[in-house]
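In what follows, a structure is listed as structure tokens, so that the remarks can point back to it.
Here is how names work: the chains are called A, B, and so on, in the same order as the sequence lines, proteins then strands, and each is numbered from 1.
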Amino acid sequence: MVERFHLVMGSMHERVERCGVDGEYHRVDHDGNHVRKREMHISLIVNIDFDVISDEDDDVVLALSSTKSTSTLLILYPKSSLASQRHPIQFKAPSLTFSRCDAMQLSLCLSKPAQHLKNPIMAASGSGSIMWFRKGLRIHDNPALDYASKGSDFVYPVFVIDPHYMEPDPKAFSPGSRLAGLNRIRFLLESLVDLDTSLKKLGSRLLILKGEPGQVLIRCLKEWGVKKLCFEYDTDPHYQALDIRVKEYASAAGIEVFSPVSHTLFNPADIIQRNGGKPPLTYQSFLKLAGQPSWASSPLLTSISSLPPVGDVGSCEISEVPTIKDLGYGDIEQEWIPFRGGESEALKRLKESISDKEWVANFEKPKGNPSAFVKPATTVLSPYLKFGCLSSRYFYQCLQDVYKNVQKHTSPPVSLAGQLLWRDFFYTVAFGTPNFDRMEGNKLCKQIPWNDDDELLAAWREARTGYPWIDAIMVQLRKWGWMHHLARHSVACFLTRGDLFLHWERGRDVFERLLIDSDWAINNGNWLWLSCSSFFYQYNRIYSPISFGKKYDPNGDYIRHFLPVLKDMPKEYIYEPWTAPPGIQRKAKCIIGRDYPKPVVYHDSASKECKRKLAEAYALNQKLNGQLSQEDLDNLRRKLEQDEDIEPKIRRQRQKVGHLT
DNA sequence: GGCTTAGTTGTCGGT
DNA sequence: CACCGACAACTAAGC
């Protein structure tokens with residue numbers, strides 16, 4: 001079913017420099033009649049011939065190839081499909097093969113976009129612009145902000161506070177909102193204050209609005225009569241859905257939309273397209289495809305001397321950046337957290353990190369010490385990258401400068417620059433994989449019959465597994481919102497394939513809420529990795545909850561700091577306090593089972609069980625080619641439990657889950 | 001299609 | 001302390 005159509009359309013792609021008209025398309029139906037289909041408000045005008053591959057009911061999936069020699073691919077979904085998650089549809093286009101579509105995503109990849117950018121229908125004509133901040137909370141290397149200020153008499157720098165993200169949720173297991181722990185909310189507020197301060201120095205200010213961001217933005221567009229709307233492109237499903245709404249409105253209202261890719265080093269859509277429509281699934285293949293960033297050797301715009309003034313805000317209610325208290329959080333006692341939000345802090349931290357050129361040149365991620373907490377073994381720039389307080393591209397260029405001036409340096413994947421590339425790797429795979437954040441319906445994810453055990457999950461989440469190394473990490477997560485990468489590995493492995501055999505999505509949820517650097521693509525990618533659900537499959541390699549920490553920190557100082565109940569436990573027992581003789585426990589003022597819990601599982605038997613289950617699950621996945629139904633999973637789960645009963649000596653003895661006060 | 005190779009970060013017990 | 005092999009054996013990519 002391939003028909004020929006003509007489409008007037010455009011894109012929101014980063015390289016689109018002019019936009020602002022409604023697009024619509026019509027098709028010829030089977031009887032040869034021209035049928036006008038829904039209006040799509042799309043920006044730049046491009047003439048492209050395209051083939052309709054699937055057009056059922058209201059849903060539209062289009063595969064396009066341009067009339068010119070460049071290959072072009074567009075996947076479009078109308079509004080109606082955005083609400084419901086749909087299964088991926090696979091199809092083949094005449095000129096290229098691709099197998100991705102995500103109901104939440106609209107992507108246009110132009111291999112030579114410049115050719116399509118001629119003859120803009122509508123140019124910006126001065127007047128006002130909105131700079132919509134979401135991530136990208138910075139002045140340096142901010143192309144959206146730069147574009148907003150060009151040729152505008154007024155610029156409205158806006159941040160919308162979404163109550164869902166910010167307001168206290170009394171039912172949550174720790175202080176914070178439903179979606180974010182208090183640490184990250186605080187970090188965000190600090191970042192906003194810093195951004196406001198910087199904007200004021202440039203003759204502007206940050207306008208804080210409250211409400212559902214889409215509605216609020218559309219109201220601003222209506223009220224302020226701006227000609228341009230500028231914001232950083234975002235691949236996260238949440239923003240994909242939000243941005244389509246806002247772009248549709250803006251385009252319908254004749255407002256130019258400029259939405260550049262500046263959060264990552266590369267444009268994920270470009271890389272996916274270069275790989276024939278599929279995201280690369282290994283780091284090495286990603287590196288090959290990615291090559292050098294296009295901007296690698298040209299200087300980024302890292303400073304702005306002034307900004308146009310803020311225009312009349314009409315009846316829109318503008319407030320200052322709220323405090324934690326303003327948001328409804330009482331006085332919550334909190335350990336001093338070593339990480340303050342904001343661009344200034346990010347640049348300061350960056351400068352400190354790269355000032356030690358030897359350290360930068362010799363950095364090898366896997367060799368870092370996860371138990372270092374007074375002075376962490378990594379840069380701790382991740383939360384700044386997450387909110388865009390720091391530009392990953394600027395960071396990358398700074399690293400290249402250091403590398404140029406030293407004799408030898410480490411390389412990806414272990415080098416510092418390699419870490420930024422990991423970030424882009426996960427952004428790319430996540431963008432190109434429907435249901436990336438779930439096991440079900442995720443083609444990359446092994447279907448594994450994880451156990452469901454609320455008691456064990458709570459023990460893990462609340463730092464009472466009885467394994468001090470694991471619990472100390474979980475305390476650091478809750479108190480600081482940050483732990484070393486390898487510490488994250490330890491607890492993620494423990495929760496899933498190593499010991500508890502609980503679903504990685506449960507752990508993902510906890511990390512997503514509590515980490516100050518939690519990032520949708522990276523967090524999900526790493527949980528897929530650590531649970532051996534995707535990317536990494538060597539399920540025999542299990543982090544020991546005892547010896548892994550011990551090899552870095554034999555004295556247990558990390559444990560003593562985050563679990564003060566164990567501070568007087570002799571180092572011989574601190575990783576396995578249940579083995580300490582009663583006299584020692586008394587002397588340390590820590591009776592196991594009373595002051596600190598007994599282990600919730602025995603690691604030796606639990607990890608053997610996990611390996612056995614993974615082996616069986618892998619075999620079934622292979623047999624059924626990854627297509628496991630819910631029934632298949634249930635059957636496997638039953639079988640695994642039966643086998644467990646047949647071998648009672650292997651069956652782990654579950655301890656009563658203790659409570660740590 | 002079959003085969004080889006490589007894969008950011010395991011543990012344990014050796015040298 | 002650095003490195004090695006055994007353990008048991010996975011997948012994606014590339015030829």
Please report the distance, rounded to the nearest Å, between CZ in A/Phe363 and P in B/dT9.
15 Å
Less than 4.0 angstrom between a side-chain N/O of A/Lys551 and OP1 or OP2 of C/dC1, yes or no?
no
Remember a base hit wins even if backbone is also touched, and classify A/Lys288 as base, sugar-phosphate or nothing at under 4.0 Å, heavy atoms.
sugar-phosphate
Taking a pair as Watson-Crick or G-U wobble with both distances under 3.5 Å, which nucleotide is matched to B/dT8?
none
May I have the distance from A/Asp604 (atom CG) to B/dG10 (atom C1'), rounded to whole angstrom?
14 Å
Just to be sure I understand the rule, does A/Tyr283 reach a base, reach only the sugar-phosphate, or reach nothing, if contact means heavy atoms closer than 4.0 Å?
sugar-phosphate
The side chain of A/Thr282 is closest to which nucleotide in this list: B/dT8, C/dA13, B/dG10?
C/dA13
Shortest side-chain distance from A/Lys446, nucleotide among B/dG10, C/dT11, C/dA12
C/dT11
Run the ring-centre check on A/Trp482 versus A/Phe373 and record whether the distance is less than 6.0 Å.
no
Which nucleotide, in any strand shown, forms a Watson-Crick or G-U wobble pair with C/dA9, with both distances under 3.5 Å?
none
C1' spacing across the pair C/dC15 / B/dG1, given as an integer number of angstrom:
12 Å
Whole-Å P distance, C/dC10 and B/dC12:
22 Å
Look only at the side chain of A/Arg560 and the backbone of A/Ile574, and say whether a donor-acceptor pair between them is shorter than 3.5 Å.
no
Roughly, in whole Å, what's the span from CD in A/Gln538 to C1' in B/dT9?
12 Å
Rounded to the Å, how far apart are A/Asn540 CG and B/dG10 P?
12 Å
Closest nucleotide of DNA chain C for A/Lys367 versus for A/Tyr537: which of these residues is on the 5' side?
A/Lys367
Taking C-beta and beyond as the side chain, do A/Ile473 and A/Phe562 meet within less than 4.5 Å on heavy atoms?
no
Rounded distance in Å between the P positions of B/dT5 and C/dA8:
23 Å
Reckon A/Gln284 touches a base, only the sugar-phosphate, or nothing at all at heavy-atom distances under 4.0 Å?
sugar-phosphate
Checking C/dA13, B/dT8, B/dT9 against the side chain of A/Leu281 (C-beta onward), the nearest is C/dA13
Check against salt bridge (charged side-chain N to carboxylate O under 4.0 Å, His left out), A/Arg184 and A/Glu512:
CA-CA 10 Å; A/Arg184 191 162 74 253; A/Glu512 185 165 292; over 6 Å; no
Which whole-number value in Å describes the distance from A/Tyr539 OH to C/dT11 C1'?
12 Å
Stepwise, does the side chain to side chain donor-acceptor pair (under 3.5 Å) test hold for A/Thr465 with A/Asp471?
CA-CA 6 Å; A/Thr465 66; A/Asp471 292 340; 2.8 Å; yes
What integer distance in Å separates A/Phe536:CZ from C/dC10:P?
13 Å
Closest to the A/Phe548 side chain, choosing from C/dT11, C/dA13, B/dT11:
B/dT11
Aromatic rings A/Trp529 and A/Phe426: how do their planes relate, parallel, tilted or perpendicular, breaks at 30° and 60°?
perpendicular
Output the rounded distance in Å from CH2 (A/Trp529) to P (B/dG7).
11 Å
A/Ser547 side-chain N/O to B/dC12 phosphate OP1/OP2 under 4.0 Å
yes
If the P atom of B/dA6 is compared with that of C/dC4, how far apart are they to the nearest Å?
16 Å
Would you indicate which nucleotide in C/dA13, C/dT11, B/dT8 comes nearest to any side-chain atom of A/His485?
B/dT8
N or O in side chain of A/Lys611 less than 4.0 angstrom from C/dC10 OP1/OP2
no
Please report, rounded to the nearest Å, how far the P atom of B/dT8 is from the CD1 atom of A/Ile522.
16 Å
